*Asks:* 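Please read through the structure below; I'll follow up with questions.
Fair warning: this is a prediction, and the values are worked out from it, not measured in the lab. Chain A is the first sequence line, chain B the second, and so forth, proteins listed ahead of strands; every chain is numbered from 1.
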Amino acid sequence: MKISDTLTNQKKELEFSDKVRIYLCGVTVYDQSHIGHARTIIVFDTLRRFLEANDIPVELIQNFTDVDDKIINRAKEQGESASGLSTKYIQTYFEDSDRLNIKRATNYPKATEHIKDMINLIEELVTKESAYVSKNGVYFRVSKFSEYGKLSKKKTEDLESGSRVEIDESKESPLDFALWKFSDTQPNWESPWGNGRPGWHIECSAMSIKYLGKNFEIHGGGRDLIFPHHENEIAQSESFTSEQFAKIWMHAGMITINGEKMSKSIGNVKSINHVLESWGPNVVRLFCISGHYSKPIDYTEDLLKENLIRLRQIETCYYELRLADKTEESDDISSLLKESREKFDAALNDDFNTSLGLSVFFNMVKTINSLASDEKINKTISEQALPVLEYMLEVLGLKVQTVSDDEIKSIFELINKREKLRDEKKFEEADKIRDQIASLGISLIDHKNKTLWMKKEAIKAEKQ
RNA sequence: GGUGAUGUGGCAGAGCGGUUAUGCGUGAGCCUGCAAAGCUUAUCUAAAGGGGUUCGACUCCCCUCGUCACCUCCA
């Protein structure tokens with residue numbers, strides 16, 4: 001598999017020995033997560049699913065930043081403790097994540113639980129003179145790391161002249177960033193240099209090295225983290241280990257609203273919860289992987305609607321296959337299935353091109369639906385196609401509503417009853433049964449000679 | 001100002017130096033007691049603009065213009 005690496009700016013073969021280790025920068029838990037967070041998480045969840053579905057073990061670590069000025073300030077505003085606030089939003093994070101059908105990461109380390117690891121790392125950096133103690137804290141000495149700027153392609157001279165940061169006289173250079181900030185107020189921790197809190201960047205260095213080692217396969221996050229966060233992580237980690245840090249830097253594009261990035265100040269933030277409420281997990285997932293992961297996606301109702309329609313086609317396809325009972329001879333689609341699977345995998349293997357993968361997927365779905373419309377789905381086709389469809393659904397993290405064999409039986413009984421009434425032209429009574437079936441979440445699909453049905457995901461936005 | 005991206009049909013969005021991307025939308029039709037869903041078919045003479053390279057460029061090179069992101073916290 002090849003993945004575009006931000007550092008070298010080219011597609012790089014994903015090489016690994018026993019497993020693929022991925023570190024994904026998580027969220028700062030001071031508020032609900034939004035659709036932009038969801039996109040990044042979905043991209044990496046889908047990547048992980050793809051690798052695992054192809055028997056490649058994955059270790060995925062995603063952190064929570066649970067100590068930060070934003071959290072402290074927000075907690076103060078709400079008259080709550082910082083830890084209380086972050087605990088609350090970690091919980092809502094998991095609720096969102098579960099509803100989005102995100103597989104749980106291997107581990108979700110929290111910054112506050114790794115203070116010791118950070119201090120050790122900082123100590124080593126101080127020893128190596130890559131860091132120094134000043135009046136306000138411990139700072140990373142950027143001048144000591146000659147490759148600074150290699151990820152974001154920035155030159156230190158440019159950064160210095162274009163710097164908008166307030167000049168802190170206690171720093172040797174305006175580019176130096178905090179590893180440890182002195183503070184006497186809670187939450188704070190003891191350190192060899194004085195009480196305080198860790199800087200943001202150091203936590204990811206400490207936790208990624210702790211859980212994944214000095215050089216792991218993929219480091220991921222949103223594009224907006226390239227500078228300064230990931231740039232600083234590289235500086236810290238490589239100064240510490242004297243080795244190359246992550247092998248591939250993979251960055252997900254932003255979600256925009258009307259072409260603009262979401263931000264609190266513009267007030268255009270869409271929470272995951274809010275979007276899920278209207279559109280449900282499958283549409284959101286389809287939406288988030290509809291374009292190449294590295295490019296931005298503009299959030300519009302039209303795009304979500306389009307993906308809802310596509311979801312309906314998937315549901316139809318699944319049920320046509322699931323409920324197939326014909327035994328007569330029909331078309332042979334085994335080569336189509338084989339080709340679809342191959343092209344699907346090839347698309348994802350080439351820089352995780354989900355957009356192209358989806359087009360292959362929908363090609364297959366449409367072909368099956370078209371056969372179904374002609375009532376040509378037999379048991380052979382069903383047995384061949386279902387595993388391929390289910391494989392793709394698993395990779396894409398899509399979950400169609402399923403039914404048990406018992407449910408199938410009772411639904412068919414109702415349908416037969418309705419058919420009989422329809423034959424007798426007792427349409428009112430037939431429609432009553434249709435309503436009854438609908439109340440079970442089942443929609444009927446009338447073909448020429450038989451009535452098929454499916455359990456559709458209820459989607460609020462559809463009704464408007 | 002610096003850096004990095006990007007500019008494809010009504011919309012979304014891929015690939016590719018010469019072959020229909022795909023999907024949505026729209027029109028017509030099939031099915032139907034009605035409905036919904038689904039399906040069929042058609043449709044839009046797509047490549048920001050200007051130069052090159054080439055037998056041939058949407059695809060490679062150069063210039064111009066536009067858009068976005070980052071340069072402060074940000075997924």
*Asks:* Once you apply a heavy-atom cut-off of 4.0 Å, does Gly221(A) come out as touching a base, just sugar-phosphate, or nothing?
*Replies:* sugar-phosphate
*Asks:* Is the phosphate of C34(B), meaning OP1 or OP2, less than 4.0 Å from a side-chain N or O of Lys432(A)?
*Replies:* no
*Asks:* Taking for each residue the nucleotide of RNA chain B bearing the nearest heavy atom, is the 5' side occupied by Met262(A) or by Glu320(A)?
*Replies:* Glu320(A)
*Asks:* For a quick check of understanding: with a heavy-atom distance under 4.0 Å over all strands, which category does Ile226(A) fall into, base, sugar-phosphate or nothing?
*Replies:* nothing
*Asks:* Can you tell me the Watson-Crick or wobble partner of A48(B), both distances under 3.5 angstrom?
*Replies:* U64(B)
*Asks:* What does G17(B) pair with, Watson-Crick or G-U, if both distances are under 3.5 Å?
*Replies:* none
*Asks:* Determine the contact category for Ser152(A): base if any of its heavy atoms lies under 4.0 Å from a base atom, sugar-phosphate if only primed atoms, P, OP1 or OP2 are that close, otherwise nothing.
*Replies:* sugar-phosphate
*Asks:* What is the distance, rounded to the nearest whole Å, between atom NE2 of His201(A) and atom C1' of U72(B)?
*Replies:* 10 Å
*Asks:* Does the pair Lys154(A)/Glu231(A) count as a salt bridge with the N-to-O cut at 4.0 Å?
*Replies:* no
*Asks:* By the 4.0 Å heavy-atom rule, please label Leu444(A) as base, sugar-phosphate, or nothing.
*Replies:* base
*Asks:* Any salt bridge between Lys420(A) and Asp423(A), counting N to O under 4.0 Å?
*Replies:* no
*Asks:* What nucleic acid atoms does Gly149(A) come within less than 4.0 Å of, heavy atoms only: base, sugar-phosphate, or nothing?
*Replies:* nothing
*Asks:* By the 4.0 Å heavy-atom rule, please label Phe227(A) as base, sugar-phosphate, or nothing.
*Replies:* sugar-phosphate
*Asks:* Give Arg223(A) one of three labels, base, sugar-phosphate or nothing, depending on what nucleic acid heavy atoms sit under 4.0 Å from its own.
*Replies:* nothing
*Asks:* Using atom C1' in both nucleotides, what's the gap between A47(B) and C11(B) to the nearest angstrom?
*Replies:* 16 Å
*Asks:* Scan every strand shown for a Watson-Crick or G-U wobble partner of G56(B), both distances under 3.5 Å, and answer none if you come up empty.
*Replies:* none
*Asks:* In whole angstrom, what separates Asn363(A)'s CG from C39(B)'s P?
*Replies:* 12 Å
*Asks:* Partner lookup for G23(B), please. Criteria are Watson-Crick or G-U wobble with both distances under 3.5 angstrom; report none if nothing qualifies.
*Replies:* C11(B)
*Asks:* Got a salt bridge between Arg141(A) and Asp176(A), using NZ or NE/NH1/NH2 to carboxylate O under 4.0 Å?
*Replies:* no
*Asks:* Any side-chain N or O of Lys153(A) below 4.0 angstrom from OP1/OP2 of C70(B)?
*Replies:* no
*Asks:* Before accepting this row, confirm whether a basic side-chain N of the pair Glu407(A)/Lys455(A) lies closer than 4.0 Å to the acidic partner's carboxylate O.
*Replies:* yes
*Asks:* Starting the side chain at C-beta, find the nucleotide from A75(B), G23(B), G33(B) nearest to Gln313(A).
*Replies:* G23(B)
*Asks:* Which heavy atom of Ser382(A) sits nearest a heavy atom of Ala324(A), and at what distance?
*Replies:* CB-CB, 3.7 Å
*Asks:* Between A37(B), A75(B), G33(B), spot the one nearest the side chain of Arg312(A), thanks.
*Replies:* A37(B)
*Asks:* Among the nucleotides G23(B), G33(B), C73(B), which one has an atom lying closest to any side-chain atom of Asp431(A)?
*Replies:* G33(B)
*Asks:* Between C24(B) atom C1' and Arg310(A) atom CZ, what is the distance in whole Å?
*Replies:* 8 Å
*Asks:* Sticking with atom P, work out how far U41(B) lies from C31(B), rounded to a whole angstrom.
*Replies:* 16 Å
*Asks:* Starting at the 5' end of RNA chain B and moving along, which residue's nearest nucleotide shows up first, Arg434(A) or Val360(A)?
*Replies:* Val360(A)
*Asks:* The test is side chain to side chain donor-acceptor pair (under 3.5 Å); show your working for Tyr148(A) and Asn232(A) and say whether it passes.
*Replies:* CA-CA 8 Å; Tyr148(A) 192 80; Asn232(A) 291 354; 2.5 Å; yes
*Asks:* Respond yes when some side-chain nitrogen or oxygen of Gln62(A) is under 4.0 Å from OP1 or OP2 of A75(B), and no when none is.
*Replies:* no
*Asks:* Between Glu462(A) (CD) and C24(B) (P), how many Å, whole number?
*Replies:* 15 Å
*Asks:* Return the nearest nucleotide to the side chain of Arg418(A); candidates are G33(B), A14(B), A75(B).
*Replies:* G33(B)
*Asks:* Does Lys247(A) come within less than 4.0 Å of Glu217(A), counting only side-chain N to carboxylate O?
*Replies:* yes
*Asks:* With the side chain of Lys295(A) defined as its heavy atoms from C-beta on, choose the nearest nucleotide among C70(B), C24(B), A14(B).
*Replies:* A14(B)
*Asks:* May I have the distance from Asn353(A) (atom CG) to U22(B) (atom P), rounded to whole angstrom?
*Replies:* 15 Å
*Asks:* Taking 4.0 angstrom as the limit, do Glu339(A) and Lys343(A) come out as a salt bridge?
*Replies:* yes
*Asks:* Let me know the distance between CD1 of Ile257(A) and P of A75(B), rounded to the nearest Å.
*Replies:* 15 Å
*Asks:* How long is the line joining NE2 of His230(A) and P of C70(B), in whole Å?
*Replies:* 14 Å
*Asks:* Using a heavy-atom cut-off of under 4.0 Å over every strand shown, decide if Ser355(A) touches base, sugar-phosphate, or nothing.
*Replies:* sugar-phosphate
*Asks:* Name the nucleic acid region contacted by His229(A), choosing base, sugar-phosphate or nothing; use a 4.0 angstrom heavy-atom cut-off, strictly under.
*Replies:* nothing
*Asks:* Taking OP1 and OP2 of G23(B), is either one under 4.0 Å from a side-chain nitrogen or oxygen of Asn307(A)?
*Replies:* no
*Asks:* U40(B), OP1 or OP2 - any side-chain N/O from Ser370(A) closer than 4.0 Å?
*Replies:* yes
*Asks:* Could you tell me whether Ile255(A) contacts a base, only the sugar-phosphate backbone, or nothing, with contacts defined as non-hydrogen atoms closer than 4.0 Å?
*Replies:* base
*Asks:* Sort out for me which residue in Glu457(A), Glu306(A), Glu462(A) forms a salt bridge (Lys or Arg N to Asp or Glu O under 4.0 Å) with Arg312(A).
*Replies:* Glu462(A)
*Asks:* Find the partner of G1(B): check Watson-Crick (N1-N3 plus N6-O4 or O6-N4) and G-U wobble (N1-O2, O6-N3) distances, both under 3.5 Å, and reply none if neither fits.
*Replies:* C71(B)
*Asks:* Side chain of Arg422(A) only, heavy atoms from C-beta on: which candidate in C73(B), A75(B), U32(B) is closest?
*Replies:* U32(B)
*Asks:* Counting just side-chain N and O atoms, does Asn369(A) come under 4.0 Å of either OP1 or OP2 of C39(B)?
*Replies:* yes
*Asks:* Is any N or O donor-acceptor pair between the side chain of Thr40(A) and the base of A75(B) shorter than 3.5 Å?
*Replies:* yes
*Asks:* Which nucleotide in the set G23(B), A75(B), G38(B) lies at the smallest distance from any side-chain heavy atom of Lys366(A)?
*Replies:* G23(B)
*Asks:* Roughly, in whole Å, what's the span from CG in Asp176(A) to P in U72(B)?
*Replies:* 14 Å
*Asks:* Across all strands shown, which nucleotide pairs with A35(B) by Watson-Crick or G-U wobble geometry, both distances under 3.5 Å?
*Replies:* none
